[in-house]
Number of protein chains: 2
Amino acid sequence: MENAISILRRCGMQPTPQRIAVVDSVFKTTAHPSAEEVLKNVRKDCPTLSRATVYNTLNLLVEKGLLKAQVLKEGSVVFDPNIQRHHHFVDEDSGQIYDVPWDTFKVPPIDSLPDYEITEVQVVVRGRKKRK
Amino acid sequence: MENAISILRRCGMQPTPQRIAVVDSVFKTTAHPSAEEVLKNVRKDCPTLSRATVYNTLNLLVEKGLLKAQVLKEGSVVFDPNIQRHHHFVDEDSGQIYDVPWDTFKVPPIDSLPDYEITEVQVVVRGRKKRK
DNA sequence: GTCTTAATTTAGACTATGTCAAGATAGAAT
DNA sequence: ATTCTATCTTGACATAGTCTAAATTAAGAC
(Lines give C-alpha, C1' and ligand atoms only; values in the text may rest on other atoms or scores of the structure.)
Protein backbone atom coordinates (compact mmCIF):
# COMPACT_ATOMS: atom_id res chain seq x y z
CA MET A 1 0.00 0.00 0.00
CA GLU A 2 1.12 3.51 -0.79
CA ASN A 3 2.34 5.55 2.14
CA ALA A 4 -0.44 7.33 4.04
CA ILE A 5 1.55 10.55 4.15
CA SER A 6 2.03 10.64 0.41
CA ILE A 7 -1.63 9.84 -0.19
CA LEU A 8 -2.56 12.87 1.89
CA ARG A 9 0.10 15.12 0.31
CA ARG A 10 -1.02 14.05 -3.13
CA CYS A 11 -4.36 15.68 -2.56
CA GLY A 12 -3.17 18.71 -0.68
CA MET A 13 -4.19 17.66 2.80
CA GLN A 14 -1.84 18.24 5.70
CA PRO A 15 -0.72 14.85 7.00
CA THR A 16 -1.73 15.16 10.62
CA PRO A 17 -1.46 12.12 12.92
CA GLN A 18 -5.24 11.78 12.97
CA ARG A 19 -5.53 11.79 9.20
CA ILE A 20 -2.62 9.40 8.81
CA ALA A 21 -4.32 6.98 11.17
CA VAL A 22 -7.62 7.25 9.28
CA VAL A 23 -5.93 6.76 5.91
CA ASP A 24 -3.95 3.79 7.20
CA SER A 25 -7.11 2.18 8.48
CA VAL A 26 -9.24 2.65 5.39
CA PHE A 27 -6.64 2.03 2.68
CA LYS A 28 -5.18 -1.15 4.08
CA THR A 29 -8.41 -3.09 4.15
CA THR A 30 -10.76 -4.56 1.56
CA ALA A 31 -13.54 -4.85 4.13
CA HIS A 32 -15.50 -1.76 3.08
CA PRO A 33 -15.78 -0.19 6.53
CA SER A 34 -18.29 2.47 7.50
CA ALA A 35 -17.21 5.73 9.08
CA GLU A 36 -18.21 4.45 12.50
CA GLU A 37 -16.13 1.33 11.98
CA VAL A 38 -13.13 3.40 10.97
CA LEU A 39 -13.67 5.52 14.07
CA LYS A 40 -13.77 2.44 16.28
CA ASN A 41 -10.66 0.96 14.67
CA VAL A 42 -8.57 4.08 14.83
CA ARG A 43 -9.59 4.91 18.38
CA LYS A 44 -7.85 1.75 19.53
CA ASP A 45 -4.56 3.53 18.85
CA CYS A 46 -5.66 7.11 19.16
CA PRO A 47 -8.39 7.31 21.79
CA THR A 48 -8.97 11.04 21.59
CA LEU A 49 -9.84 10.97 17.90
CA SER A 50 -13.16 12.67 17.38
CA ARG A 51 -16.02 11.52 15.25
CA ALA A 52 -16.04 14.77 13.26
CA THR A 53 -12.41 14.33 12.22
CA VAL A 54 -13.11 10.88 10.84
CA TYR A 55 -16.12 12.07 8.86
CA ASN A 56 -14.21 15.15 7.64
CA THR A 57 -11.22 13.13 6.53
CA LEU A 58 -13.20 10.42 4.78
CA ASN A 59 -15.43 12.92 3.01
CA LEU A 60 -12.44 14.97 1.90
CA LEU A 61 -10.80 11.85 0.47
CA VAL A 62 -14.02 11.08 -1.41
CA GLU A 63 -14.13 14.63 -2.81
CA LYS A 64 -10.54 14.32 -3.94
CA GLY A 65 -11.37 11.06 -5.66
CA LEU A 66 -9.05 8.86 -3.64
CA LEU A 67 -11.86 6.97 -1.98
CA LYS A 68 -15.30 5.96 -3.13
CA ALA A 69 -18.40 6.09 -0.95
CA GLN A 70 -20.75 3.20 -1.66
CA VAL A 71 -24.40 2.79 -0.74
CA LEU A 72 -24.64 -0.95 -0.36
CA LYS A 73 -25.87 -1.72 3.09
CA GLU A 74 -28.66 -0.51 5.22
CA GLY A 75 -27.89 2.14 7.76
CA SER A 76 -24.52 3.44 6.68
CA VAL A 77 -22.37 4.44 3.78
CA VAL A 78 -19.21 2.35 3.35
CA PHE A 79 -15.86 3.46 2.00
CA ASP A 80 -13.93 1.66 -0.71
CA PRO A 81 -10.25 2.37 -1.46
CA ASN A 82 -10.66 0.57 -4.78
CA ILE A 83 -11.56 3.35 -7.17
CA GLN A 84 -11.23 1.29 -10.34
CA ARG A 85 -14.65 0.38 -11.63
CA HIS A 86 -15.89 -2.93 -10.31
CA HIS A 87 -18.98 -4.64 -8.99
CA HIS A 88 -19.98 -5.78 -5.51
CA PHE A 89 -21.26 -8.86 -3.79
CA VAL A 90 -23.06 -8.37 -0.49
CA ASP A 91 -23.47 -11.24 1.97
CA GLU A 92 -26.91 -10.47 3.37
CA ASP A 93 -26.30 -12.42 6.56
CA SER A 94 -22.88 -11.19 7.61
CA GLY A 95 -23.04 -7.82 5.90
CA GLN A 96 -19.61 -8.49 4.37
CA ILE A 97 -19.01 -6.82 1.03
CA TYR A 98 -16.67 -8.24 -1.61
CA ASP A 99 -15.32 -6.68 -4.77
CA VAL A 100 -16.27 -8.39 -8.02
CA PRO A 101 -13.97 -7.81 -11.02
CA TRP A 102 -15.28 -5.47 -13.67
CA ASP A 103 -15.10 -8.00 -16.49
CA THR A 104 -17.25 -10.53 -14.66
CA PHE A 105 -20.21 -8.88 -16.38
CA LYS A 106 -20.52 -7.32 -19.80
CA VAL A 107 -22.29 -4.04 -19.16
CA PRO A 108 -23.17 -2.37 -22.45
CA PRO A 109 -22.85 1.41 -22.73
CA ILE A 110 -26.07 3.16 -21.82
CA ASP A 111 -27.52 5.05 -24.77
CA SER A 112 -31.06 5.37 -23.51
CA LEU A 113 -30.42 8.35 -21.21
CA PRO A 114 -29.04 11.01 -23.54
CA ASP A 115 -29.61 13.97 -21.24
CA TYR A 116 -27.98 12.35 -18.28
CA GLU A 117 -24.33 12.15 -17.49
CA ILE A 118 -23.77 8.64 -16.14
CA THR A 119 -21.46 8.78 -13.15
CA GLU A 120 -21.45 5.14 -12.17
CA VAL A 121 -22.66 1.74 -13.27
CA GLN A 122 -22.25 -1.40 -11.24
CA VAL A 123 -23.82 -4.77 -10.75
CA VAL A 124 -24.86 -5.44 -7.18
CA VAL A 125 -25.18 -9.11 -6.28
CA ARG A 126 -26.73 -10.12 -2.98
CA GLY A 127 -26.81 -13.56 -1.46
CA ARG A 128 -26.23 -15.73 1.55
CA LYS A 129 -24.20 -18.82 2.31
CA LYS A 130 -25.99 -22.06 1.55
CA ARG A 131 -26.29 -24.32 4.52
CA LYS A 132 -25.81 -27.88 3.42
CA MET B 1 -53.79 -0.84 -8.90
CA GLU B 2 -55.13 -3.78 -6.94
CA ASN B 3 -57.37 -2.94 -4.02
CA ALA B 4 -55.46 -2.23 -0.79
CA ILE B 5 -57.85 -4.37 1.20
CA SER B 6 -57.31 -7.39 -1.01
CA ILE B 7 -53.54 -6.88 -0.96
CA LEU B 8 -53.63 -7.04 2.82
CA ARG B 9 -56.03 -9.99 2.91
CA ARG B 10 -53.88 -11.83 0.40
CA CYS B 11 -51.06 -11.98 2.92
CA GLY B 12 -53.13 -12.56 6.00
CA MET B 13 -52.95 -9.09 7.46
CA GLN B 14 -56.07 -7.50 8.91
CA PRO B 15 -57.04 -4.56 6.74
CA THR B 16 -57.13 -1.80 9.35
CA PRO B 17 -57.56 1.82 8.28
CA GLN B 18 -53.93 2.55 9.08
CA ARG B 19 -52.64 -0.33 7.00
CA ILE B 20 -54.98 0.46 4.13
CA ALA B 21 -53.67 4.02 4.07
CA VAL B 22 -50.06 2.83 4.08
CA VAL B 23 -50.69 0.30 1.32
CA ASP B 24 -52.53 2.87 -0.76
CA SER B 25 -49.65 5.28 -0.44
CA VAL B 26 -46.84 2.87 -1.25
CA PHE B 27 -48.51 0.81 -4.00
CA LYS B 28 -49.87 3.66 -6.03
CA THR B 29 -46.52 5.33 -6.64
CA THR B 30 -43.38 4.53 -8.59
CA ALA B 31 -41.39 7.09 -6.63
CA HIS B 32 -39.64 4.62 -4.28
CA PRO B 33 -40.57 6.37 -1.03
CA SER B 34 -38.79 5.84 2.26
CA ALA B 35 -40.70 4.91 5.40
CA GLU B 36 -40.49 8.49 6.62
CA GLU B 37 -41.93 9.73 3.33
CA VAL B 38 -44.77 7.25 3.56
CA LEU B 39 -45.40 8.43 7.12
CA LYS B 40 -45.50 12.04 6.02
CA ASN B 41 -47.84 11.29 3.10
CA VAL B 42 -50.28 9.20 5.04
CA ARG B 43 -50.39 11.58 7.99
CA LYS B 44 -51.97 14.18 5.74
CA ASP B 45 -55.14 12.07 5.82
CA CYS B 46 -54.65 10.23 9.06
CA PRO B 47 -52.81 12.51 11.48
CA THR B 48 -52.73 10.08 14.40
CA LEU B 49 -50.83 7.42 12.46
CA SER B 50 -47.75 6.43 14.39
CA ARG B 51 -44.26 5.95 13.07
CA ALA B 52 -44.10 2.40 14.43
CA THR B 53 -47.23 1.36 12.55
CA VAL B 54 -45.76 2.52 9.26
CA TYR B 55 -42.51 0.66 9.86
CA ASN B 56 -44.37 -2.44 11.04
CA THR B 57 -46.67 -2.45 8.05
CA LEU B 58 -43.93 -1.87 5.48
CA ASN B 59 -41.66 -4.49 7.03
CA LEU B 60 -44.49 -7.01 7.17
CA LEU B 61 -45.24 -6.42 3.50
CA VAL B 62 -41.57 -6.97 2.71
CA GLU B 63 -41.55 -10.23 4.71
CA LYS B 64 -44.62 -11.40 2.84
CA GLY B 65 -42.92 -10.61 -0.44
CA LEU B 66 -45.39 -7.98 -1.65
CA LEU B 67 -42.92 -5.16 -1.39
CA LYS B 68 -39.18 -4.97 -1.88
CA ALA B 69 -36.84 -2.94 0.30
CA GLN B 70 -34.03 -1.39 -1.69
CA VAL B 71 -30.74 0.06 -0.48
CA LEU B 72 -30.12 2.70 -3.10
CA LYS B 73 -29.80 6.01 -1.40
CA GLU B 74 -27.90 7.31 1.51
CA GLY B 75 -29.70 7.57 4.79
CA SER B 76 -32.77 5.45 4.27
CA VAL B 77 -34.14 2.29 2.79
CA VAL B 78 -36.74 2.82 0.06
CA PHE B 79 -39.72 0.63 -0.75
CA ASP B 80 -40.57 -0.62 -4.21
CA PRO B 81 -43.96 -2.16 -5.08
CA ASN B 82 -42.43 -3.56 -8.27
CA ILE B 83 -41.30 -7.01 -7.21
CA GLN B 84 -40.44 -8.26 -10.69
CA ARG B 85 -36.72 -8.24 -11.21
CA HIS B 86 -35.44 -5.02 -12.69
CA HIS B 87 -32.63 -2.53 -12.42
CA HIS B 88 -32.49 1.02 -11.07
CA PHE B 89 -31.33 4.41 -12.15
CA VAL B 90 -30.60 6.94 -9.40
CA ASP B 91 -30.48 10.66 -10.11
CA GLU B 92 -27.70 11.75 -7.79
CA ASP B 93 -28.88 15.36 -7.64
CA SER B 94 -32.58 14.94 -7.04
CA GLY B 95 -32.43 11.56 -5.34
CA GLN B 96 -35.17 10.31 -7.67
CA ILE B 97 -35.08 6.61 -8.42
CA TYR B 98 -36.37 5.12 -11.67
CA ASP B 99 -37.01 1.51 -12.60
CA VAL B 100 -34.99 0.16 -15.53
CA PRO B 101 -36.44 -2.84 -17.40
CA TRP B 102 -34.76 -6.16 -16.73
CA ASP B 103 -33.84 -6.83 -20.33
CA THR B 104 -31.94 -3.56 -20.68
CA PHE B 105 -28.88 -5.51 -19.57
CA LYS B 106 -27.85 -9.07 -20.21
CA VAL B 107 -26.78 -10.36 -16.80
CA PRO B 108 -25.26 -13.83 -17.13
CA PRO B 109 -25.99 -16.42 -14.45
CA ILE B 110 -23.41 -16.35 -11.69
CA ASP B 111 -21.49 -19.60 -11.51
CA SER B 112 -18.52 -18.33 -9.54
CA LEU B 113 -20.18 -18.48 -6.11
CA PRO B 114 -21.23 -22.12 -5.77
CA ASP B 115 -21.72 -22.06 -1.99
CA TYR B 116 -23.86 -18.96 -2.02
CA GLU B 117 -27.53 -18.71 -2.73
CA ILE B 118 -27.93 -15.59 -4.86
CA THR B 119 -30.98 -13.65 -3.68
CA GLU B 120 -30.73 -10.66 -5.97
CA VAL B 121 -28.82 -9.26 -8.90
CA GLN B 122 -29.35 -5.81 -10.29
CA VAL B 123 -27.53 -3.16 -12.21
CA VAL B 124 -27.43 0.18 -10.43
CA VAL B 125 -26.87 3.17 -12.67
CA ARG B 126 -26.18 6.58 -11.17
CA GLY B 127 -26.05 9.88 -12.97
CA ARG B 128 -27.14 13.48 -13.11
CA LYS B 129 -28.86 15.69 -15.63
CA LYS B 130 -26.52 17.34 -18.10
CA ARG B 131 -26.79 21.11 -18.11
CA LYS B 132 -26.44 22.38 -21.61
C1' DG C 1 12.15 32.65 19.47
C1' DT C 2 7.72 35.30 19.34
C1' DC C 3 3.64 36.89 17.27
C1' DT C 4 -0.11 36.42 14.12
C1' DT C 5 -2.95 33.87 11.45
C1' DA C 6 -4.80 29.89 9.27
C1' DA C 7 -5.82 25.07 9.56
C1' DT C 8 -7.21 21.33 12.24
C1' DT C 9 -9.23 18.87 16.02
C1' DT C 10 -12.35 18.34 19.70
C1' DA C 11 -16.55 17.87 22.47
C1' DG C 12 -20.99 18.16 22.47
C1' DA C 13 -25.45 19.52 20.73
C1' DC C 14 -28.50 18.40 17.28
C1' DT C 15 -31.26 15.89 13.48
C1' DA C 16 -32.93 11.85 11.13
C1' DT C 17 -33.77 7.01 10.59
C1' DG C 18 -35.11 3.09 12.69
C1' DT C 19 -36.18 -0.28 16.69
C1' DC C 20 -38.38 -1.72 20.80
C1' DA C 21 -41.39 -2.39 24.87
C1' DA C 22 -45.58 -1.33 27.57
C1' DG C 23 -49.90 0.04 27.81
C1' DA C 24 -54.28 1.26 25.37
C1' DT C 25 -57.65 -0.11 22.04
C1' DA C 26 -60.43 -2.65 19.07
C1' DG C 27 -62.34 -7.18 17.01
C1' DA C 28 -63.78 -11.70 17.02
C1' DA C 29 -65.25 -15.73 19.58
C1' DT C 30 -67.48 -17.83 23.15
C1' DA D 1 -70.64 -9.26 28.55
C1' DT D 2 -66.10 -11.37 28.93
C1' DT D 3 -62.05 -13.09 27.16
C1' DC D 4 -58.43 -13.62 23.88
C1' DT D 5 -55.76 -11.94 20.35
C1' DA D 6 -54.24 -8.66 17.12
C1' DT D 7 -53.18 -4.10 16.40
C1' DC D 8 -51.95 0.69 17.44
C1' DT D 9 -49.79 4.39 19.97
C1' DT D 10 -46.54 6.67 22.79
C1' DG D 11 -42.26 7.42 24.18
C1' DA D 12 -37.72 5.77 25.13
C1' DC D 13 -33.79 4.22 23.00
C1' DA D 14 -29.97 3.35 19.45
C1' DT D 15 -27.18 4.60 15.64
C1' DA D 16 -25.51 7.45 11.66
C1' DG D 17 -24.29 11.67 10.46
C1' DT D 18 -23.92 16.98 10.62
C1' DC D 19 -22.75 21.27 12.65
C1' DT D 20 -20.71 24.81 15.66
C1' DA D 21 -17.87 27.03 18.86
C1' DA D 22 -13.93 26.73 21.31
C1' DA D 23 -9.40 24.83 21.96
C1' DT D 24 -5.08 23.09 19.71
C1' DT D 25 -1.77 22.93 16.52
C1' DA D 26 1.01 24.25 12.85
C1' DA D 27 3.04 27.82 9.48
C1' DG D 28 4.84 32.03 8.14
C1' DA D 29 6.64 36.68 9.08
C1' DC D 30 9.46 39.26 11.65
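Note on naming: letters A, B, ... go to the chains in the order of the sequence lines (proteins, then strands), and numbering restarts at 1 for each one. Heavy atoms only: backbone and side chains are in, while hydrogens, waters and symmetry mates are out.
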Notebook entry, point to check: Out of curiosity, does B:F79 fall in the hydrophobic cluster containing B:V100 (side-chain heavy atoms, cut-off under 4.5 Å, transitive links)?
Noted result: no
Next item on the list: Group every Ile, Leu, Val, Met, Phe, Trp and Tyr by side-chain heavy-atom contacts under 4.5 Å, then state whether B:V123 and B:V71 land in the same group.
Entry: no
Next item on the list: Could you tell me whether the phosphate oxygens of D:dT9, OP1 or OP2, come under 4.0 Å of any side-chain nitrogen or oxygen in B:Q18?
Entry: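 It does, given that an N or O in the side chain of B:Q18 lies less than 4.0 Å from OP1 or OP2 of D:dT9.
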Note to self: For a quick test of reading the model: is some side-chain N or O of B:N59 closer than 4.0 Å to OP1 or OP2 of C:dT19?
What the structure shows: yes
Next item on the list: Go through the side-chain N and O atoms of A:Q70 and A:H32 and say whether any donor and acceptor fall under 3.5 Å apart.
Entry: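 The answer is no; no qualifying pair exists.
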Notebook entry, point to check: Got a sec, which hydrophobics cluster with A:V90, joining ILVMFWY side chains under 4.5 Å apart, including via others?
Noted result: A:L72, A:V78, A:I97, A:V124, B:L72, B:V78, B:V90, B:I97, B:V124
Notebook entry, point to check: For A:I83, which fellow cluster members are found when Ile, Leu, Val, Met, Phe, Trp and Tyr are connected by side-chain heavy-atom distances below 4.5 angstrom, either directly or through intermediates?
Noted result: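 Reading the cluster by chain and number, A:I83 sits alone, since nothing else belongs.
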Item checked: Residues in side-chain contact (heavy atoms from CB on, under 4.5 Å) contact with B:T30, at least two apart in sequence or another chain ->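 Partners of B:T30 under the side-chain contact (heavy atoms from CB on, under 4.5 Å) test: none.
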Notebook entry, point to check: Does any residue of residues 60-74 of chain B have a heavy atom under 4.0 Å from DNA chain D, and if so, which ones, in number order?
Noted result: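 Contacting residues: none.
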Notebook entry, point to check: Under a 4.0 Å heavy-atom cut-off, which of residues 35-56 of chain B touch DNA chain D?
Noted result: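 Under 4.0 Å from DNA chain D: B:T48, B:L49, B:S50, B:A52, B:T53.
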Item checked: Residue pairs passing the salt bridge (charged side-chain N to carboxylate O under 4.0 Å, His left out) test where at least one lies in residues 29-54 of chain B, sequence neighbours excluded -> B:E36-B:R51
Check: Can you pull the salt bridge (charged side-chain N to carboxylate O under 4.0 Å, His left out) pairs that have at least one residue in residues 81-110 of chain A, sequence neighbours excluded?
Finding: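 Every salt bridge (charged side-chain N to carboxylate O under 4.0 Å, His left out) pair that includes a residue of residues 81-110 of chain A, provided the two are not neighbours, is A:D93-A:R128.
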Margin query: Surrounding CD of B:E74 (heavy atoms of other residues, nucleotides or ligands, distance under 6.0 Å), is the total greater than 12?
Written below: no
Tell me which donor-acceptor pairs under 3.5 Å the side chains of residues 57-69 of chain B have, and how far apart each pair is, sequence neighbours excluded?
| unit_1 | atom_1 | unit_2 | atom_2 | d |
| --- | --- | --- | --- | --- |
| B:T57 | OG1 | B:T53 | O | 2.7 |
| B:N59 | ND2 | B:Y55 | O | 3.2 |

Any N/O pairs under 3.5 Å between the protein and nucleotides 24-30 of chain C? List them or say none.
none

Notebook entry, point to check: Can you list the residues that meet the salt bridge (charged side-chain N to carboxylate O under 4.0 Å, His left out) rule with A:R19, with sequence neighbours excluded?
Noted result: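 For A:R19 there are no salt bridge (charged side-chain N to carboxylate O under 4.0 Å, His left out) partners, ignoring immediate neighbours.
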Measure [atom1]/[X] against [atom2]/[N] and give the value in whole Å, please.
X: B:L58; N: D:dC8; atom1: CG; atom2: P; answer: 12 Å
X: B:M13; N: D:dT7; atom1: CE; atom2: P; answer: 7 Å
X: A:I20; N: D:dT25; atom1: CD1; atom2: P; answer: 16 Å

Next item on the list: Give the C-alpha distance, both sets of side-chain angles, the deciding distance and a yes or no for ring-ring contact (aromatic ring centres under 6.0 Å, His included) between A:H88 and A:Y98.
Entry: CA-CA 6 Å; A:H88 286 102; A:Y98 303 93; over 10 Å; no
Notebook entry, point to check: Among pairs that include at least one residue of residues 7-16 of chain A, which meet side chain to side chain donor-acceptor pair (under 3.5 Å), considering only residues two or more places apart or in two chains?
Noted result: A:E2-A:R10
Checklist line | Axis-to-axis angle between the two ends of the helix from C:dG1-D:dC30 to C:dT30-D:dA1 (five base pairs per end, rounded to 10 degrees) | finding: 10°
